[in-house]
2 protein chains.
Amino acid sequence: MAPVKVADELCTLSLPAALLGERWTLLLLRQAFLGTRRFEDFQTEMDISRSVLTERLGTLVEEGILRREAYKDVRTRYEYRLTEKGLELYPVLMALRKWGDRWMSPAEGPSFDVHHRTCGGDIGVHVSCEGCGAELTARDVRVTPLRDSRA
Amino acid sequence: MAPVKVADELCTLSLPAALLGERWTLLLLRQAFLGTRRFEDFQTEMDISRSVLTERLGTLVEEGILRREAYKDVRTRYEYRLTEKGLELYPVLMALRKWGDRWMSPAEGPSFDVHHRTCGGDIGVHVSCEGCGAELTARDVRVTPLRDSRA
DNA sequence: CCCCTTGGGTTCGGATTCCGAACCCTAGCT
DNA sequence: AGCTAGGGTTCGGAATCCGAACCCAAGGGG
């Protein structure tokens with residue numbers, strides 16, 4: 001396997017990585033998937049500073065991962081909800097959690113569990129070949145540089 | 001869906017998130033999966049400063065995701081290679097790339113492609129129920145707090 | 001009518017982290 | 001004897017982070 005130099009601005013892994021690799025962003029998304037929607041709730045549930053929270057919510061909205069939506073309580077308030085684009089990050093979060101369960105689980109066990117809503121089954125994340133259906137590991141995959149490779 | 005407050009130190013999502021959510025770490029892992037092994041190669045391929053690279057390689061070794069191994073060139077040099085624990089991060093990276101392909105692909109298309117080594121098929125990442133086999137989205141999943149939940 | 005509370009922010013200064021450039025060390029090569 | 005290559009460490013300035021304090025508008029209570 002020869003090392004491959006890729007142009008980061010064209011790499012569909014480094015682009016999302018730059019986004020999610022910012023501090024707090026992954027935790028914020030976890031909370032969003034757990035159902036948190038309001039500024040105040042994010043703030044108290046995550047112990048994040050308000051200024052950083054404002055900034056992170058802002059970039060996620062700019063990126064189209066969250067949508068800022070007015071709603072009426074007693075007067076107009078705002079909610080941050082996952083968009084379709086945001087909801088599709090679910091496999092990333094689940095893959096991360098699966099790995100965390102396996103390799104970083106604290107002695108007391110994880111703090112929450114997830115199951116299939118209708119049948120109660122365990123949840124799995126699988127990398128597989130769309131052609132032959134085989135389950136794949138890193139070693140079963142061939143990487144083909146398309147442009148800008150200078151080994 | 002009531003908001004759930006979880007203890008971060010016990011959350012098997014936030015633990016890995018804290019690690020991978022550090023700047024450079026995801027890119028470093030991408031390079032590792034692309035076959036990069038030596039300090040110098042990481043440095044020139046990623047345009048990361050040497051001091052930060054030292055530090056990141058260090059934490060990944062401490063965490064058992066990379067292994068620092070001596071080898072003989074003309075004299076003793078070191079390689080950083082993925083451990084089993086590191087290799088199992090593959091689904092995370094693939095899920096991220098899949099999402100990047102779909103939502104952040106630059107106009108010119110991605111900079112590299114991946115395929116099943118033996119049959120050439122496309123690669124998919126799927127979240128599914130281990131019980132009934134159904135493919136799942138965020139909405140099909142029930143979250144059960146085990147401890148420390150104070151809605 | 002005035003003050004208090006609530007949600008959703010903004011501003012500020014100090015503490016951390018990042019990062020580039022320069023330096024270090026050891027073996028082998030010429 | 002000096003040069004190079006690999007793999008680092010050190011340093012100081014620049015960019016981020018973060019907590020605490022502040023702001024503001026609309027109800028509600030007295």
Side-chain angles (χ1 to χ4, degrees), chain A residues 2-3 5 8-9 14 17-32 35-63 65-82 151, chain B residues 2-3 5 8-9 14 17-32 35-63 65-82 151:
Chain A
K5 160 124 188 174
D8 278 343
E9 329 74 57
S14 59
L19 206 82
L20 304 192
E22 258 179 320
R23 242 228 270 210
W24 295 110
T25 304
L26 278 168
L27 288 207
L28 210 161
L29 288 172
R30 178 196 66 186
Q31 276 320 119
T36 302
R37 301 201 170 135
R38 324 237 286 237
F39 190 94
E40 293 294 304
D41 292 337
F42 281 111
Q43 212 264 310
T44 57
E45 282 155 21
M46 304 185 0
D47 278 320
I48 184 180
S49 86
R50 302 171 76 78
S51 43
V52 177
L53 178 57
T54 302
E55 196 184 300
R56 287 295 177 278
L57 287 171
T59 35
L60 288 176
V61 168
E62 266 175 50
E63 292 291 334
I65 290 170
L66 295 177
R67 169 171 27 108
R68 185 174 188 269
E69 209 166 80
Y71 75 98
K72 270 295 258 189
D73 183 8
V74 57
R75 73 178 193 254
T76 306
R77 300 273 178 233
Y78 298 97
E79 285 192 330
Y80 294 88
R81 322 191 50 157
L82 289 161
Chain B
K5 161 125 188 175
D8 278 344
E9 329 73 55
S14 59
L19 206 83
L20 304 191
E22 259 180 319
R23 246 233 263 214
W24 295 111
T25 305
L26 278 168
L27 289 207
L28 210 162
L29 288 171
R30 178 196 64 187
Q31 278 320 120
T36 302
R37 301 205 169 131
R38 323 236 288 237
F39 190 93
E40 294 293 303
D41 292 337
F42 281 111
Q43 212 263 311
T44 59
E45 282 155 21
M46 304 187 355
D47 279 323
I48 185 181
S49 87
R50 302 173 75 79
S51 45
V52 177
L53 178 56
T54 302
E55 195 184 301
R56 288 295 177 277
L57 286 171
T59 34
L60 288 177
V61 168
E62 266 176 49
E63 292 292 334
I65 291 170
L66 296 177
R67 169 170 26 108
R68 185 174 189 269
E69 209 165 82
Y71 75 98
K72 270 294 258 189
D73 184 9
V74 55
R75 75 177 192 259
T76 306
R77 301 275 178 231
Y78 299 97
E79 287 192 328
Y80 294 88
R81 322 192 49 157
L82 289 161

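A, B, ... follow the sequence lines: proteins, then strands. Residue 1 opens every chain. Note: hydrogens, waters and symmetry copies are ignored here, and every other heavy atom, side chains too, is used.
A salt bridge links Arg50(A) with Glu40(A); the closest basic N to acidic carboxylate O contact falls under 4.0 Å.
The residue from Arg30(B), Gln31(B), Arg81(B) that alone fulfils the side chain to side chain donor-acceptor pair (under 3.5 Å) condition with Thr36(B) is Gln31(B). Under the side chain to side chain donor-acceptor pair (under 3.5 Å) test applied with Tyr71(A), the options Arg77(A), Glu79(A), Arg38(A), Arg37(A) reduce to a single match, Arg38(A).
A nucleotide of DNA chain C counts as in contact with chain A when one of its atoms lies under 4.0 Å from a heavy atom; the first and last such, 5' to 3', are dT6(C) to dT11(C).
Comparing Thr76(A) and Glu55(B) along DNA chain C, the residue whose closest nucleotide (by nearest heavy atom) sits nearer the 5' end is Thr76(A). Remark on DNA chain C: of its neighbouring residues Arg38(A) and Val52(B), the 5'-side contact belongs to Arg38(A), judged by nearest-heavy-atom nucleotide.
With 3.5 Å as the limit, one finds a donor-acceptor pair spanning the side chains of Tyr80(B) and Arg68(B).
Residues Glu63(A) and Leu19(A) approach most closely at CG-CD1, 3.5 Å, considering heavy atoms. For Arg67(A) against Leu82(A), the heavy-atom pair with the smallest separation is NH2-O, 3.4 Å.
Contact annotation: Arg50(B) does not reach the phosphate of dG6(D) (side-chain N/O to OP1 or OP2, under 4.0 Å). Taking only side-chain nitrogens and oxygens, Arg56(A) comes nearer than 4.0 Å to OP1 or OP2 of dC17(D).
When the C1' atoms of four end pairs are superposed on the next four at each end of the helix from dC1(C)-dG30(D) to dT30(C)-dA1(D), using five pairs per end, the two resulting axes differ in direction by 20°, to 10°.
Distance Gln43(A) CD to dC17(D) P: 16 Å, rounded to the nearest Å. The separation between Arg23(B) atom CZ and dT16(D) atom P is 7 Å, rounded to whole Å. As a whole-Å value, the separation of Arg37(B) CZ from dG6(D) P is 16 Å. Between the CG atom of Leu27(A) and the P atom of dC18(D) there is a distance of 11 Å, rounded to whole Å. Atom-to-atom, CD of Glu22(B) to C1' of dT16(D) comes out at 14 Å; the value is rounded to the nearest Å.
The side-chain heavy atoms of Leu28(A) and Leu53(A), taken from C-beta on, include a pair separated by under 4.5 Å. Contact annotation: the side chain of Leu66(B) approaches that of Leu57(B) to within less than 4.5 Å [non-hydrogen atoms, C-beta and beyond]. In this structure the side chain of Ile48(B) never reaches within 4.5 angstrom of the side chain of Leu27(B), judged on heavy atoms.
Judged by distance alone, with hydrogens and angles left aside, the side-chain atoms of Glu69(A) form no donor-acceptor pair with the main-chain N or O of Tyr78(A) at under 3.5 Å. Within the 3.5 Å criterion, the main-chain N or O of Glu55(B) finds a donor-acceptor partner in the side chain of Thr59(B).
Residue contacts for Phe42(A): at a heavy-atom cut-off of 4.0 Å it reaches no nucleic acid atom on any strand shown.
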Which letters describe nucleotides 23-29 of chain D, given B = protein heavy atom under 4.0 Å from base, S = only from sugar-phosphate, - = neither? --BBS--
